[in-house]
Amino acid sequence: MNKKLLSLLACPTCKGKLFFKSKEILCQNCGTGYPIKNGIPVLVDLDSLPEHLAGQIRYFEAEAEQYTKTYRRAPWEQAYVDRLSSHIRSYKGKTVIDDACGSGYITVESAMRGASVIACDLNMKGLMHLQKIIKAAGLEKNILLVCCSSEQLPLKPKVADIVVANAILEHLPREAEAVKEISRIAKKGAVAMITVPLAYHLLHPLFYLVNYIHDRRIGHLRRYTKETLVARFFDWKALGIYYTGHTRKVLKTLINIIRPTFDEKQIELEDNEYITRKLFASNISIVFQKK
């Protein structure tokens, strides 16, 4: 494990300094012990999570079983990378925190561009899959995987040059705590990309029911507008606002699920034409800079 990245970790509960052993981590302040499993620090008590988060782990563990064995960027993933990168001069020498990293495309792409990355997630199966991808890509020295909660990030203050929290805030019972954590770990001038689902009244009426069912199935607790998201990040400045998943993209994506018909890259190019249009979009991404 990268010693420099390990030095950025802190006790998730008291934020105290951590002492690392071969298979265990101890907090020097409160004495809490945390295991290291398969080379991944587990800085959360997975057995005491609220039922909602435990259910989220079960859902996304099943999804992780569908991840490809080799790294492959989907066109929609590349689109998110491109939007973030348009606000970053260089990744070299930067520390990226990929908060709820999922399949890890932000983690891998940032590391490939020269950043050091701490990839955080509650899903150990997903992290172990990402571990194999990282090893195959020769990026082990650039990336530290950590099993943890977004509501209690195990990181020291002001360590991040870049924070990415895509599709996580809407899942969290203590969303306000997660927002505070993002601000706490970010340096002054840091860039953050936050992506959340768009409020129902902005969706196309044709997709109200589909999205309602999707929200219940995947564990969404809330939706957002530009105004509500900006209000949560009041100590940040919005650099770019992007609306994605418009009606045409949703329809073509649904058709592709039934029968592959449309080119995925072309779908993204078409959706990007409406990037500033909030009506009938599905998601909103805002790239912020810490004041």
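Keep in mind that what you see is a predicted model, and the values were worked out from it rather than measured.
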**Q** Of the non-hydrogen atoms in S150 and I168, which two are nearest, and what is the gap between them?
**A**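 Looking at all heavy atoms of both residues, the shortest contact is OG-CG1, 3.6 Å.
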**Q** Give, for atom OH of Y71 and atom OH of Y105, the distance between the pair rounded to the nearest 0.5 Å.
**A**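 Going from the OH atom of Y71 to the OH atom of Y105 covers 9.0 Å.
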**Q** Would you compute the distance between atom CZ of F233 and atom NZ of K180 and round it to the nearest 0.5 angstrom?
**A**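 One finds 12.5 Å between CZ of F233 and NZ of K180.
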**Q** Looking only at side chains, do T195 and N283 share a donor and an acceptor under 3.5 Å apart?
**A**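 No.
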**Q** Provide the closest heavy-atom pair for V81 versus Y91 in the form atom of the first, atom of the second, distance.
**A**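 Closest heavy-atom pair between V81 and Y91: O-OH, 4.4 Å.
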**Q** Does the side chain to side chain contact (heavy atoms under 4.5 Å, CB included) test come out yes or no for I40 and M124, once each step is laid out?
**A** CA-CA 9 Å; I40 299 173; M124 271 296 289; 4.1 Å; yes
**Q** Hey, does the side chain of K17 reach the backbone of A10 with a donor-acceptor pair shorter than 3.5 angstrom?
**A**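 No, because the side chain of K17 does not come within donor-acceptor range (under 3.5 Å) of the backbone of A10.
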**Q** Is K37 salt-bridged to E24, cutoff N-O under 4.0 Å?
**A**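 A salt bridge is absent here (no side-chain N lies under 4.0 Å from a carboxylate O).
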**Q** For A190 and A160, which heavy atoms make the closest approach, and how far apart are they?
**A**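 Reported closest heavy-atom pair: CB-O, 3.4 Å.
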**Q** Starting from the C-alpha separation in whole Å, work towards a yes-or-no answer on side chain to side chain donor-acceptor pair (under 3.5 Å) for N272 and E268.
**A** CA-CA 6 Å; N272 196 60; E268 288 303 319; over 6 Å; no
**Q** Answer yes or no: is there a donor N or O on one side and an acceptor on the other, between the side chain of E109 and the main chain of G104, under 3.5 Å?
**A**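 A pair under 3.5 Å: no.
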**Q** With clusters defined by side-chain heavy atoms of hydrophobic residues (ILVMFWY) lying less than 4.5 Å apart, directly or transitively, does M112 cluster with Y80?
**A**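 Cluster IDs for Y80 and M112 match.
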**Q** Taking only Lys NZ, Arg NE, NH1 and NH2, and the carboxylate oxygens of Asp or Glu, determine whether D161 and K187 approach each other closer than 4.0 Å.
**A**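 Salt bridge between D161 and K187, a charged N being under 4.0 Å from a carboxylate O: yes.
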**Q** Do V210 and Y200 share a hydrophobic cluster (ILVMFWY, side-chain heavy atoms under 4.5 Å, transitive)?
**A**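 Result: no, two separate clusters.
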**Q** What closest approach, in Å, do L206 and L251 show between heavy atoms, and which atom pair accounts for it?
**A**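 That closest heavy-atom pairing would be CD2-CD2, 4.4 Å.
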**Q** Could you please spell out the steps behind the side chain to side chain donor-acceptor pair (under 3.5 Å) verdict for S116 and N142?
**A** CA-CA 5 Å; S116 296; N142 301 75; 5.4 Å; no
**Q** List the steps and the verdict of side chain to side chain contact (heavy atoms under 4.5 Å, CB included) for F280 and L202.
**A** CA-CA 6 Å; F280 300 161; L202 294 171; over 6 Å; no
**Q** Can you see whether Y274 has R277 sitting over its ring - NZ or CZ less than 6.0 Å from the centre and within 45° of the normal?
**A**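 Judged by the rule (NZ or CZ under 6.0 Å from the ring centre, within 45° of its axis), R277 is not positioned above Y274.
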**Q** Is R232 salt-bridged to E175, going by a charged N under 4.0 Å from an acidic O?
**A**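 Yes, this pair counts.
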**Q** Strictly by modelled atom types, are Y243 and S285 linked by a side-chain donor-acceptor pair under 3.5 Å?
**A**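 S285 and Y243 do not have a side-chain donor-acceptor pair below 3.5 Å.
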**Q** Looking only at heavy atoms, which two atoms of W236 and A186 are closest? And how far apart?
**A**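 For W236 and A186, the tightest heavy-atom pair comes out as CH2-CB, 3.5 Å.
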**Q** Would a 4.5 Å heavy-atom cut-off, applied to side chains only, mark I134 and Q131 as touching?
**A**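 I134 does not reach Q131 side chain to side chain.
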**Q** For the residue pair P75 and I267, establish whether any side-chain heavy-atom pair is separated by less than 4.5 Å.
**A**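 The answer is no, as the side chains (C-beta and beyond) never meet within the 4.5 Å cut-off.
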**Q** For L169, does its backbone N or O pair with a side-chain atom of R222 as donor and acceptor, under 3.5 Å?
**A**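 Checking the backbone N and O of L169 against the side chain of R222, a donor-acceptor pair under 3.5 Å is found.
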**Q** How about Y67 and H129: are their ring centroids closer than 6.0 Å?
**A**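 Yes.
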**Q** For R223 versus A199, what's the shortest heavy-atom pair and its separation?
**A**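 Heavy atoms of R223 and A199 come nearest at CB-CA, 3.8 Å.
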**Q** If the test is side chain to side chain donor-acceptor pair (under 3.5 Å), which one of K252, K249, K265 qualifies with E270?
**A**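 Going through K252, K249, K265 one by one, the side chain to side chain donor-acceptor pair (under 3.5 Å) with E270 is satisfied by K252 alone.
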**Q** May I ask you to test the L8-I185 pair for a side-chain heavy-atom distance under 4.5 Å?
**A**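 Sidechains of I185 and L8: no contact.
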**Q** Of T261, N256, I257, which is the lone residue that meets side-chain contact (heavy atoms from CB on, under 4.5 Å) with R259?
**A**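 With R259 as partner, side-chain contact (heavy atoms from CB on, under 4.5 Å) holds for just one option, T261.
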**Q** Hydrophobic clusters here meaning ILVMFWY residues chained together by side-chain heavy-atom distances under 4.5 Å, can you tell me if Y224 and F207 are in one?
**A**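 Looking at the clustering, F207 is in a separate group from Y224.
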**Q** Does the side chain of V164 reach to within under 4.5 Å of the side chain of I97, using non-hydrogen atoms?
**A**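 Sidechains of I97 and V164: no contact.
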**Q** Nearest 0.5 Å, please: how far is CD1 in I88 from OG in S110?
**A**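 That separation rounds to 7.0 Å.
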**Q** Working to the nearest 0.5 angstrom, can you tell me the gap between I162 CD1 and T95 OG1?
**A**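 The CD1 atom of I162 sits 8.5 Å away from the OG1 atom of T95.
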**Q** Under 30°, 30 to 60°, or over 60°: which ring-plane class applies to H87 and Y242, parallel, tilted or perpendicular?
**A**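 It falls in the perpendicular class, over 60°.
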**Q** Quick check for you: to the nearest 0.5 Å, what is the distance between R184 atom CZ and L153 atom CG?
**A**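 Going from the CZ atom of R184 to the CG atom of L153 covers 6.5 Å.
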**Q** In terms of hydrophobic clustering (I, L, V, M, F, W, Y; side-chain heavy atoms under 4.5 Å; direct or indirect links), are I241 and I182 co-clustered?
**A**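 Shared cluster, yes.
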**Q** Using modelled atom types and a 3.5 Å cut-off, is there a donor and acceptor pairing between side-chain atoms of K132 and backbone atoms of M128?
**A**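 A pair under 3.5 Å: no.
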**Q** Verify ring-ring contact (aromatic ring centres under 6.0 Å, His included) between F60 and H171, making sure each step is shown before the conclusion.
**A** CA-CA 12 Å; F60 286 103; H171 293 270; 5.6 Å; yes
**Q** Evaluate side chain to side chain donor-acceptor pair (under 3.5 Å) for D98 paired with T107, printing each intermediate quantity in order.
**A** CA-CA 6 Å; D98 193 358; T107 292; 2.7 Å; yes
**Q** Would a 4.5 Å heavy-atom cut-off, applied to side chains only, mark C147 and V44 as touching?
**A**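 Yes; the side chains approach each other to less than 4.5 Å.
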**Q** In this structure, would L198 and I218 fall into the same cluster of hydrophobic residues linked by side-chain contacts under 4.5 Å?
**A**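 Each belongs to a different hydrophobic cluster.
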**Q** Quick one: are P50 and R174 in side-chain contact, heavy atoms under 4.5 Å?
**A**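 The answer is no, as the side chains (C-beta and beyond) never meet within the 4.5 Å cut-off.
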**Q** Going through the checks in order, is the side chain to side chain contact (heavy atoms under 4.5 Å, CB included) test met by L6 and F20?
**A** CA-CA 9 Å; L6 283 174; F20 295 87; 3.6 Å; yes
**Q** Would you say the side chain of C101 lies within less than 4.5 Å of the side chain of L127, judging by non-hydrogen atoms?
**A**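 Yes, at least one pair of side-chain atoms sits under 4.5 Å.
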**Q** Begin from the C-alpha positions of N166 and M193 and carry the test side chain to side chain contact (heavy atoms under 4.5 Å, CB included) through to its verdict.
**A** CA-CA 7 Å; N166 284 345; M193 183 182 211; 3.9 Å; yes
**Q** Between H214 and H220 (judged by ring centroids, cut-off 6.0 Å), do the two rings come close enough to count as a pair?
**A**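 Ring-ring flag for H214/H220: true, centres closer than 6.0 Å.
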**Q** Roughly how far, to the nearest 0.5 Å, is OG1 of T225 from CD1 of I284?
**A**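 Taking CD1 in I284 and OG1 in T225, the distance rounds to 7.0 Å.
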**Q** Donor-acceptor pair, N2 side chain versus L144 backbone, under 3.5 Å?
**A**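 No, the answer is negative, given that no donor and acceptor are paired below the 3.5 Å cut-off.
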**Q** Is any side-chain heavy atom of K15 closer than 4.5 Å to one of P157?
**A**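 Side chain of P157 against side chain of K15, heavy atoms only: no contact under 4.5 Å found.
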